[in-house]
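Just so we're on the same page: letters track the sequence lines, and every chain starts at 1.
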Amino acid sequence: MRYSQMLIPTLREAPSDAEVVSHKLMIRAGLIRQLARGIYDYLPLGLKVLRKIEQITREELNRAGCQEVLLPVIIPAELWQETGRWGFYGKELLRLKDRNERDFCFGPTQEEIITDLVRREIRSYKELPKNFYQIHTKFRDEIRPRFGLMRAREFIMKDGYSFHATEKSLNEHYELMRKTYVRIFERCGLRTKVVEADTGAIGGSSSHEVVVLAETGESEVAFCDACDYSANLEMASSKTAKGEKKRSGSSKCREIKTPGLKTVEEVAAFLKVKRAQMIKTLVYLRDGGIVVGLIAGEHEINEVKLKNACNARFLTMADAATVKELTGAEVGFAGPVGLKKKTSLGPVQVFADFSIQSIDDGVTGANKTDYHLTGVVPDVDFTPDQYLDLRLVKEGDSCGRCEKGRLQIKRGIEVGHIFKLGTKYSKSMNAMFLDESGTKQPFIMGTYGIGIGRTAAAAIEQNNDDKGIIWPLPIAPFQVEIISLNQDDEVIKTAEKIYDELLAQGIEVLYDDRDERAGVKLTDAELIGIPHFVMVGSRGVKDKVVELKARKNGDIKKLAFKDVSNVVKKLCQI
RNA sequence: CGGGGCGUAGCGCAGCCUGGUAGCGCGCUUGGUUCGGGACUAAGAGGUCCCGGGUUCAAAUCCCGGCGCCCCGACCA
């Protein structure tokens, strides 16, 4: 491709609304332009990168036995009503009506569609397992799109769905997908980590995320420095003392006046007790009731763990009025002793983190404004419904899996996600096959996603310098860029000749044939980040040499004309 | 949805406070000189000052309403 014929609108300055480096560079290098919030045009250079990532994804999935399909983006409401998601999904689901006022949505994910196809076309266990995937555009009306393609509303995603006759088959396939995902991102030239993840709203029993470690990532992952344990912060567990047996005895609880002291720090300082002795009491609102979480004052509660523990559909901090109704006190004085079992909003569940199990002289709110209780003993003064792990792990906590490891916490970009779904969708949509004994069984399903645009953004986050993008070779829009450093006849002749030679070798080459100064061409070349430059100038032409420059480290090698195509070809082998 | 900010030429911004009919840098067009790391020079093109209403002799500027975009928070296969 000739640069002069391509639309590559590079910018010296990034638009002021771009925050993170990948967003800035994607705009400056002319890969994307924004049309509306979270909605982008993909320009020629940007599309080439996406296509590369798609192609690698396709090759690896096909190799793993998956089949590509292409499902509609506009979906009739009926299918979503079958699974109940038409009601649950909320505003993130873009809903539309056709000319006859029938309800449709723009698919944010397509479990319903594929399950519908499979229930109509697959009847026997003999046809299983199967994995269908597609690469197409999704739309999620995100509350807060940001960072360019990292969190867009309209985005390109590879989504795949597998169907199995047995759990064993699902487990095997899940493992295959995990390996395949690792390989896909490795081939893209990315350094990734596979972490255990929360199954979230989509439901299901097990889930892993593939994340690219990057400062600008939106998710936090914890991993052990000794063993291979790694998990999304939402899921991560550290070593916890548990299994203390229940105590009995009489209460030595006392009420103490603590005027205006609400936080753990304030109360601990006032009463001269350790934070570890404090029983922090947090009140949450869930669908159909109230959930109270108890945790030692030195720790933070992990709301995802709490939400999962009580099996809630949603969970949010309770407002002051609810806290007052439950405890009879202002916010800041809640405690587990003598709590109501019921409120106008529904029943009250109390979950306690293991960390309070061993407290024997605890301090907690008295459910009375300006008062706290001391000498509180769990299982004597109050009994939680359940003890479990509710802690948000901290950097340096000991690993929950191995003996000596410590947890580290880093930020990452979630580029892939795999789920064991089970029969959630097949059951609600009555998608059944006949097993060996001739009985109807719901399909056992898995779902597997890769954010294609987000992967491109993550690649830039991981590979850039102050001059611009440094594409990993496998996903670079071009492998080589030829730059004529001036417009002398001999230089142009040579550049054209090399261009033809490289093209003939099947190399993806961008030839900057513009009548621009060397500086302009080089700066643009560095910005758009093609891995190798072949620089042709009049000085070299005299001696029949060109210069080969690596974008990554700036190394320059002189090359005789006759060697160019062989050397470059070797460099471009992946 | 709550809090904050912004909207003036393709991009980055000034002008607004204190109303008088729009400017700078980069980019773009044409000519000349230049030409191996973002040239110089001369001449140009390009703006519904986000939209609507109001105040005023006069509004980019003041007032009211709306829209769009960004940031923080709540959300998130």
Side-chain angles (χ1 to χ4, degrees), chain A residues 7 9-20 23-24 27-28 30 33-39 85 88-93 107-112 138-148 150-153 155 157-161 197-204 207-210 218-219 232 234 285 303-304 307 314-317 319 414-419 421 424-425 446-451 454 467-468 483-488 491-492 495 512 514-527 533 535-542 546-547 549 554 556:
Chain A
L7 177 66
T10 57
L11 257 28
R12 261 193 205 196
E13 289 171 287
S16 52
D17 54 13
E19 282 279 301
V20 300
H23 186 194
K24 283 182 187 159
I27 290 171
R28 285 192 53 213
R33 288 293 184 263
Q34 179 169 325
L35 181 64
R37 80 193 289 250
I39 301 178
R85 283 163 107 194
F88 298 145
Y89 216 88
K91 284 199 168 173
E92 208 173 299
L93 183 65
T109 169
Q110 312 219 299
E111 283 80 8
E112 283 84 353
K138 299 267 187 284
F139 190 92
R140 292 184 192 165
D141 202 351
E142 295 271 358
I143 291 171
R144 191 138 124 71
R146 61 184 126 176
F147 302 159
M150 205 109 103
R151 173 170 295 261
R153 291 193 296 171
F155 58 100
M157 171 174 167
K158 170 260 148 182
D159 51 325
Y161 309 89
D198 179 44
T199 48
I202 220 177
S207 152
H208 285 83
E209 284 171 4
V210 184
E218 292 188 279
S219 54
N232 189 304
E234 295 174 345
L285 227 44
E303 294 183 10
V304 173
K307 184 177 166 192
F314 75 85
L315 190 75
T316 80
M317 279 295 241
D319 53 283
E414 176 193 345
V415 288
H417 204 156
I418 59 178
F419 269 93
L421 272 181
K424 178 172 168 164
Y425 291 88
T447 176
Y448 317 90
I450 289 178
R454 190 183 273 189
K467 297 190 177 98
I483 299 165
S484 52
L485 294 168
N486 56 53
Q487 300 303 107
D488 291 359
V491 168
I492 290 176
D512 194 343
R514 293 175 300 168
D515 183 10
E516 286 287 354
R517 322 190 105 231
V520 172
K521 292 188 184 185
L522 289 163
T523 316
D524 275 337
E526 280 157 342
L527 177 60
F533 310 151
M535 302 188 292
V536 186
S538 37
R539 281 180 217 153
V541 164
K542 276 183 277 175
V546 297
E547 282 157 317
K549 182 168 179 173
I556 297 180

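- Pair assignment for B:rA60: none, as no Watson-Crick or G-U wobble contacts are both less than 3.5 Å.
- Taking every side-chain heavy atom of A:Glu92 into account, B:rC75 is the closest of B:rC70, B:rC35, B:rC75.
- Checking B:rG36, B:rA39, B:rG38 against every side-chain atom of A:Leu485, the shortest atom distance belongs to B:rG36.
- The separation of B:rG10 from B:rG46, taken at their P atoms, amounts to 12 Å, rounded to a whole angstrom.
- Between B:rG36, B:rA74, B:rC70, one nucleotide has an atom nearer to the side chain of A:Asp17 than all others, and that is B:rC70.
- Nucleotide B:rU33 has B:rA39 as its partner under the Watson-Crick or G-U criteria, with both atom distances under 3.5 Å.
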Exercise. Let me have a per-nucleotide readout for nucleotides 22-33 of chain B, 5' to 3', with B, S or -, counting only protein heavy atoms under 4.0 Å.
Key: ---BSS------

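- Mapped onto RNA chain B by nearest heavy atom, A:Lys549 and A:Glu234 fall at different nucleotides, with A:Lys549 at the one closer to the 5' end.
- Ranking B:rG38, B:rC71, B:rC70 by closeness to the A:Gln34 side chain, first place goes to B:rC70.
- Between B:rG38, B:rC71, B:rA74, one nucleotide has an atom nearer to the side chain of A:Ile143 than all others, and that is B:rA74.
- We find that CG of A:Asp488 is positioned 13 Å from P of B:rU34, with the value rounded to whole Å.
- The base-pairing partner of B:rC67, taking Watson-Crick or G-U wobble contacts with both distances under 3.5 Å, is B:rG7.
- Across the interface with RNA chain B, nearest-nucleotide mapping of A:Thr316 and A:Ile556 shows A:Ile556 to be the residue nearer the 5′ end.
- No hydrogens or angles were tested; on distance alone, nothing pairs the side chain of A:Arg146 with the base of B:rC70 as donor and acceptor under 3.5 Å.
- Put simply, the side chain of A:Lys521 and the base of B:rG36 share no donor and acceptor less than 3.5 Å apart.
- Pair check for B:rC24 finds B:rG12; Watson-Crick or G-U wobble, both atom distances under 3.5 Å.
- With distances taken from any side-chain atom of A:Arg517 to the nucleotides B:rC75, B:rC35, B:rG36, the minimum falls on B:rC35.
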Practice problem: Quick one, give me the B/S/- string for nucleotides 44-51 of chain B, reading 5' to 3', where B means a protein heavy atom under 4.0 Å from the base and S means that only happens at the primed atoms, P, OP1 or OP2. | Solution: --------

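- Comparing the same atom, P, in B:rA14 and in B:rC28 gives a spacing of 24 Å after rounding to whole Å.
- Listed nucleotides B:rG38, B:rG12, B:rG36 differ in distance to A:Ala518; the shortest reach to its side chain belongs to B:rG36.
- Legend: residues meeting side-chain contact (heavy atoms from CB on, under 4.5 Å) with A:Pro108, ordered by chain and number and at least two apart, are A:Trp80, A:Tyr89, A:Leu93, A:Arg140.
- B:rG2: Watson-Crick or G-U partner is B:rC72, with both key distances under 3.5 Å.
- Comparing B:rC76, B:rC70, B:rG38 by their nearest atom to the side chain of A:Arg37 picks out B:rC70.
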